[in-house]
Amino acid sequence: MPELPEVEVTRRGIARTVEGARLERAILRTPALRYPIPAGLARQLAGRTLVAARRRGKYLLLDLDGGHLLVHLGMSGSLRFVTPDTAPQKHDHADFIFGDRVLRLTDPRRFGALLWLEADPLQHPLIAKLGIEPLTREFTPAWLHQTLKGRSLAIKPALMDSGLVVGVGNIYAAESLFDAGIDPRARAGSVSAARLGRLVPAIKKTLQAAIRAGGSTLRDFCGTDGGMGDFQTRHQVYDRAGAPCMKCGAPIKALRQGQRSTYFCPRCQR
DNA sequence: ATGTGACCCTGGATGC
DNA sequence: TGCATCCAGGGTCACA
């Protein structure tokens, strides 16, 4: 479930709850997620203060004094606060213990990542080549038009390419393209400036609405409730194959682009 | 450089 | 009930 909005909500929850707090102890139960977790890392982390929680794309950067924890939640990861007496379950890979607040990393599929960096994390290979942040002023129709110029791949996988734009996952790419009335199969370099002029604000609007929704759902981020956000009830096209388009009533269609499912309205998106 | 597909891993839903 | 298959909100990598 972690898309940019959920990562951002998670970041805010961490910042609100334990920024400035001392990481008394870390428990690392799993030798490797996407990448190996060094054996001595838990001991190395103990006693450090959490200075800040940042986000770059879908990566969380937890700045401790003397280094940085880089966390990615992959497809199935989550970070939640639990109480110290909450027994770990099968896929609970890591606990970060801040007094009576325990930040617990869960990730059944283990596509996520946990790295310890002592150098500038923004220079790390995983971060350095990331694309533009969609919620910044720099992300404009003109920028997107220039970036996609000459590209023949379809607009939807282009939006999902984190080397171009970060944080736009499979759901938000579909929802944003619906909002802007653009066929997900259109060649990226052929989408008109006028259409990109609708797409860019659609992306910003979609992400911001999801952050608000996630924020309301995860308001008790520090609690133990692992409930999902309610924003899926607002999906216009995602996972609605065969259901009537909310604008025109035509049946929503599904197709595959790359290895991912795409949903769109064949009448509204041309 | 760009585009495409395989692959990483577990679990849930579905079909036989 | 068991088993096979497919699918899932992420990203990296090899290869054409």
Side-chain angles (χ1 to χ4, degrees), chain A residues 1-10 29-37 55-60 70-79 88-94 105-115 124-131 134 146-178 184-190 203 206-207 209-211 213-214 217-218 226-242 254-264:
Chain A
M1 307 86 183
E3 311 249 350
L4 184 151
E6 180 152 344
V7 177
E8 175 61 19
V9 169
T10 298
R29 303 184 180 88
T30 305
L33 297 177
R34 172 176 290 281
Y35 307 107
I37 297 170
R55 179 188 60 76
R56 177 74 175 97
K58 293 171 187 162
Y59 288 91
L60 273 173
L70 182 69
V71 183
H72 195 287
L73 299 175
M75 289 268 250
S76 57
S78 65
L79 277 167
Q89 306 295 304
K90 188 173 179 185
H91 300 295
D92 293 344
H93 305 300
L105 174 65
T106 305
D107 184 3
R109 293 175 72 180
R110 303 206 300 272
F111 284 178
L114 180 63
L115 293 172
H124 189 276
L126 290 173
I127 304 291
K129 24 176 213 213
L130 289 177
Q146 179 63 31
T147 300
L148 298 180
K149 198 167 63 180
R151 300 294 298 262
S152 66
L153 86 167
I155 184 69
K156 192 223 178 198
L159 291 182
M160 293 174 64
D161 182 346
S162 61
L164 302 178
V165 185
V166 296
V168 182
N170 202 34
I171 293 176
Y172 299 124
E175 294 296 312
S176 301
L177 287 166
F178 173 78
R185 299 164 295 187
R187 289 176 178 255
S190 307
I203 292 169
T206 305
L207 292 175
I211 289 173
T217 308
L218 299 179
M228 304 259 301
D230 73 335
F231 56 79
Q232 58 266 55
T233 64
R234 307 182 197 177
H235 291 168
Q236 307 275 310
V237 289
Y238 183 80
D239 204 22
R240 295 193 64 244
L255 53 84
R256 306 285 293 178
Q257 288 181 296
Q259 313 304 108
R260 318 302 295 274
S261 291
T262 294
Y263 302 88
F264 72 108

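Atoms considered below: every heavy atom in the structure, side chains included; atoms not considered: hydrogens, waters and symmetry mates. Quick note on labels: first sequence line is chain A, next is B, and so on, each numbered from 1.
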Problem - Pairing residues for Y59(A) by the ring pair (Phe, Tyr, Trp, His ring centres under 6.0 Å) criterion, not counting sequence neighbours - result: H72(A)
Practice task
Quick one: list whatever passes ring pair (Phe, Tyr, Trp, His ring centres under 6.0 Å) with Y263(A), sequence neighbours left out.
Solution key: Y238(A)
Exercise for the section: Please find the earliest and latest nucleotides of DNA chain B, in the 5' to 3' direction, that have an atom within less than 4.0 Å of any heavy atom of chain A. Expected result: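 Result: dT2(B) to dG11(B).
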Handout entry: Nearest non-hydrogen partners of V7(A) and P2(A), listed with the distance
Key =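 In this case the closest contact between V7(A) and P2(A) is CG2-CB, 4.2 Å.
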Problem - Rounded distance in Å between the P positions of dA13(B) and dG9(C) - result: 16 Å
Practice task
Please name all residues satisfying salt bridge (charged side-chain N to carboxylate O under 4.0 Å, His left out) with R240(A), sequence neighbours left out, ordered by chain then number.
Solution key: none
Handout entry: salt bridge (charged side-chain N to carboxylate O under 4.0 Å, His left out) partners of R187(A), counting only residues at least two apart
Key =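 Not a single residue meets the salt bridge (charged side-chain N to carboxylate O under 4.0 Å, His left out) criterion with R187(A).
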Handout entry: N170(A) CG to M160(A) CE distance, which is reported to the nearest 0.5 Å
Key =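 These two atoms lie 4.0 Å from each other.
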Exercise for the section: State the OG1-CG distance between T106(A) and D92(A), to the nearest 0.5 angstrom. Expected result: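 Interatomic distance, T106(A) OG1 to D92(A) CG, rounded to 0.5 Å: 3.5 Å.
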Exercise for the section: With heavy atoms under 4.0 Å as the rule, sort R187(A) into base, sugar-phosphate or nothing. Expected result: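 If one applies the 4.0 Å heavy-atom cut-off, R187(A) turns out to touch nothing in the nucleic acid.
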Exercise for the section: Under the side-chain hydrogen bond (donor to acceptor under 3.5 Å, both in side chains) rule, collect the residues that match up with S261(A), sequence neighbours excluded. Expected result: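 Expected list: R256(A).
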Exercise for the section: Sequence neighbours left out, what passes side-chain contact (heavy atoms from CB on, under 4.5 Å) with H93(A)? Give chain and number order. Expected result: T30(A), L33(A), H91(A), D107(A), R110(A)
Completion exercise
Sorted by chain and number, sequence neighbours left out, side-chain contact (heavy atoms from CB on, under 4.5 Å) with Q257(A) holds for A154(A), K156(A), P157(A), P184(A), R185(A), L255(A), T262(A)
Handout entry: Y238(A) side-chain N/O to dG9(C) phosphate OP1/OP2 under 4.0 Å
Key =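 Looking at the OP1 and OP2 atoms of dG9(C), one of them is under 4.0 Å from a side-chain N or O of Y238(A).
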Identify each atom pair where a protein N or O and an N or O of nucleotides 10-13 of chain C are less than 3.5 Å apart, giving names and distance.
from    : atom 1 : to      : atom 2 : distance (Å)
dG10(C) : OP1    : K58(A)  : NZ     : 2.8
dG10(C) : OP2    : R260(A) : NH1    : 3.3
dG10(C) : OP2    : R260(A) : NH2    : 2.4
dG10(C) : O4'    : G74(A)  : O      : 3.4
dG10(C) : N2     : R34(A)  : NH2    : 2.1
dG11(C) : OP2    : K58(A)  : NZ     : 3.4

Problem - Position toward the 5' end of DNA chain B (nearest nucleotide), R110(A) or G150(A) - result: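 Looking at the nearest nucleotide for each, G150(A) comes out on the 5' side.
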Exercise for the section: Can you run through DNA chain C from 5' to 3' and write each base as (, ), [, ], | or . depending on how it pairs? Watson-Crick or G-U wobble, both distances under 3.5 Å. Expected result: .|||||||.|||||||
